[in-house]
Participant: 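Sending over a structure as structure tokens; questions will come in a sec.
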Number of protein chains: 2
Amino acid sequence: MATKRRMGPENAVKRTALLDAVEALMREEGYAALSARNVAKRAGLKYQILFYYFETMDDLLLAAYRRRTESVLERIEEALASSQPLHAFWELWSDPEGAALTIEYMALSNHNEMVRAETAAFGEQMRQLVAGRLAGRLRQPVEDQAFTALAVTMSLVSVGAILGFESALGIEGGHKEAEALVDWCVDQLESPAAA
Amino acid sequence: MATKRRMGPENAVKRTALLDAVEALMREEGYAALSARNVAKRAGLKYQILFYYFETMDDLLLAAYRRRTESVLERIEEALASSQPLHAFWELWSDPEGAALTIEYMALSNHNEMVRAETAAFGEQMRQLVAGRLAGRLRQPVEDQAFTALAVTMSLVSVGAILGFESALGIEGGHKEAEALVDWCVDQLESPAAA
DNA sequence: GTCTATACACCGATAGAC
DNA sequence: GTCTATCGGTGTATAGAC
């Protein structure tokens, strides 16, 4: 309890509206647009009310990011529950809308220690989740041992993030061929039927 | 000529110092740190001098980015001139320092039209350069046609960028295994000796 | 070329009335 | 809970003296 100012409750309509506004601005204009006045305007509120629900802008930012990472982890768990978890994960992760947000938060991690820690924690959880579900389920298309669940996860995450983000920017060169390669690899690695 | 203010020459020590300062700040603190006062302080100059060498902050930013993309394209050409262009390109691109800057500029592209256009142009040039050099030189490790020069280029670029950026953030989980996978693929795709 | 002085909008944050 | 009023600081940019 280092606070002296009054703070609003966790479950409030306006609080949620502020979190939504952060995410929308992050997507559309990037983190540089995240001023208190800007966020509140987007939420249709007077900007001073922001400081009633969140002590600082950093607190608001972190709360929005946490909500986002938790939601993504949930959706990943759902995808992994299917009979073709690798296919499902790829479909989820290569979505351009999500990728744009992911990259923006990654860039923000570069100069905000709280966000950096959250990014690291999220990445670690995601890796464990996906690689854990994939472990022992991958068909080895080649004689080599390099295609571990973790290595495949990292590669899918990387290619999906970049392709998705470029799509959000309107850049499409080489995407069709890259996606064909990923699709081929995913098909090779994961049997059509449940193992 | 829409300018009315006096502008400094292209080849000036202080002009270069400002471009260097932009790149350093971009790397270390992200694009939000790119204010005129901040950049000039980093360059050891009074901030008003910035507006003598660059009409606007956007002009400075774009000049710094152009200098960067040109330099990277040159280094890519050098790497591609070796007997193992795929290996050389991977070594160059997976460098964490470079990757951090790449991601930061990509995020910036999301809400700055001039930067977005430059990113698109740079990406297109790079793809043509790498894929062109690789065309016809890839050993096909499998019977499938998905491993085109362009698809392989896109995959390497994506994995290198994400791994490198995560490294810059101090995140290392899964990297060793992902790199082993990439190394294996690169070895499979490119003969040890010149073709 | 480089300086001081200045303009004006926006920044996060707080105090205190209601 | 939400408002008005206010704070000191920083943002880009310009004018004009030297």
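Lettering follows sequence order; numbering is per chain, from 1. When reading the values below, keep in mind they use all heavy atoms of this one structure, side chains included, and skip hydrogens, waters and symmetry mates.
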Participant: Rounding to a whole Å, what distance do you find between F51(B):CZ and dA7(C):C1'?
Facilitator: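 After rounding, the reported distance stands at 13 Å.
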Participant: Scan R42(B), R27(B), R67(B) and name whichever one has a salt bridge (charged side-chain N to carboxylate O under 4.0 Å, His left out) with D20(B).
Facilitator: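 Considering R42(B), R27(B), R67(B), a salt bridge (charged side-chain N to carboxylate O under 4.0 Å, His left out) with D20(B) is found only for R67(B).
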Participant: Would you mind reading off the distance between M57(A) atom CE and dT10(D) atom C1', rounded to a whole angstrom?
Facilitator: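 My rounded result for the distance is 16 Å.
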Participant: Would you kindly check whether a donor in the side chain of Y52(B) faces an acceptor in the base of dA13(D), or vice versa, at under 3.5 angstrom?
Facilitator: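 No.
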Participant: For Y53(A), report the nucleic acid contact type (base, sugar-phosphate, nothing); a contact means any heavy atom under 4.0 Å.
Facilitator: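 Sugar-phosphate only.
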Participant: Are more than 12 heavy atoms from other residues, nucleotides or ligands located less than 6.0 Å from atom CD of E113(B)?
Facilitator: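 Enclosed: over 12 neighbouring heavy atoms sit under 6.0 Å from CD of E113(B).
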Participant: Atom CG of L60(B) to atom P of dG11(D): distance rounded to whole Å?
Facilitator: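 About 14 Å, once rounded to whole Å.
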Participant: Looking at residues 19-46 of chain B, who's got a heavy atom less than 4.0 Å off DNA chain D?
Facilitator: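 Listed by number, they are L34(B), S35(B), A36(B), R37(B).
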Participant: Grab the CG-C1' distance between L18(A) and dT2(D) for me, whole Å please.
Facilitator: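 Nearest whole value for this atom pair: 13 Å.
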Participant: Expressed as a whole number of angstroms, how long is the span from M7(A):CE to dG1(D):C1'?
Facilitator: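 That distance rounds to 13 Å.
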Participant: Parallel under 30°, tilted from 30 to 60°, perpendicular over 60°: which one fits the rings of F89(B) and W93(B)?
Facilitator: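 Taking W93(B) first and then F89(B), their aromatic rings lie parallel (interplane angle under 30°).
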Participant: Restricting to side-chain hydrogen bond (donor to acceptor under 3.5 Å, both in side chains), what partner residues turn up for H87(A), sequence neighbours left out?
Facilitator: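 In terms of side-chain hydrogen bond (donor to acceptor under 3.5 Å, both in side chains), with neighbours along the sequence ignored, H87(A) is linked to D187(A), E190(A).
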Participant: Under a 3.5 Å distance rule, please check whether R127(B) uses its side chain to pair with a backbone N or O of G173(A) as donor and acceptor.
Facilitator: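 Judged by distance alone, yes, a pair lies under 3.5 Å.
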Participant: Can you measure L50(B) atom CG to dG1(C) atom P for me and round it to whole angstrom units?
Facilitator: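 Distance check: L50(B) CG to dG1(C) P gives 16 Å.
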Participant: Nearest whole Å is fine: how far is dA13(C) P from I49(A) CD1?
Facilitator: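 Result: 15 Å.
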Participant: Would you say the side-chain atoms of D59(A) pair up with the backbone N or O of F54(A), donor to acceptor, closer than 3.5 Å?
Facilitator: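 Side chain of D59(A) to backbone of F54(A): no pair is present.
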Participant: Just jot down the side-chain hydrogen bond (donor to acceptor under 3.5 Å, both in side chains) partners of T69(B), sequence neighbours excluded, or say none.
Facilitator: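 In terms of side-chain hydrogen bond (donor to acceptor under 3.5 Å, both in side chains), with neighbours along the sequence ignored, T69(B) is linked to E118(B).
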Participant: Without decimals, in angstroms, what is the distance between D58(B) CG and dG11(D) C1'?
Facilitator: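 Rounded to the whole Å, the gap is 14 Å.
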Participant: Between K14(B) and T56(A), name the one whose nearest nucleotide on DNA chain C is closer to the 5' end.
Facilitator: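 Checking each residue's closest nucleotide, the 5'-ward one belongs to K14(B).
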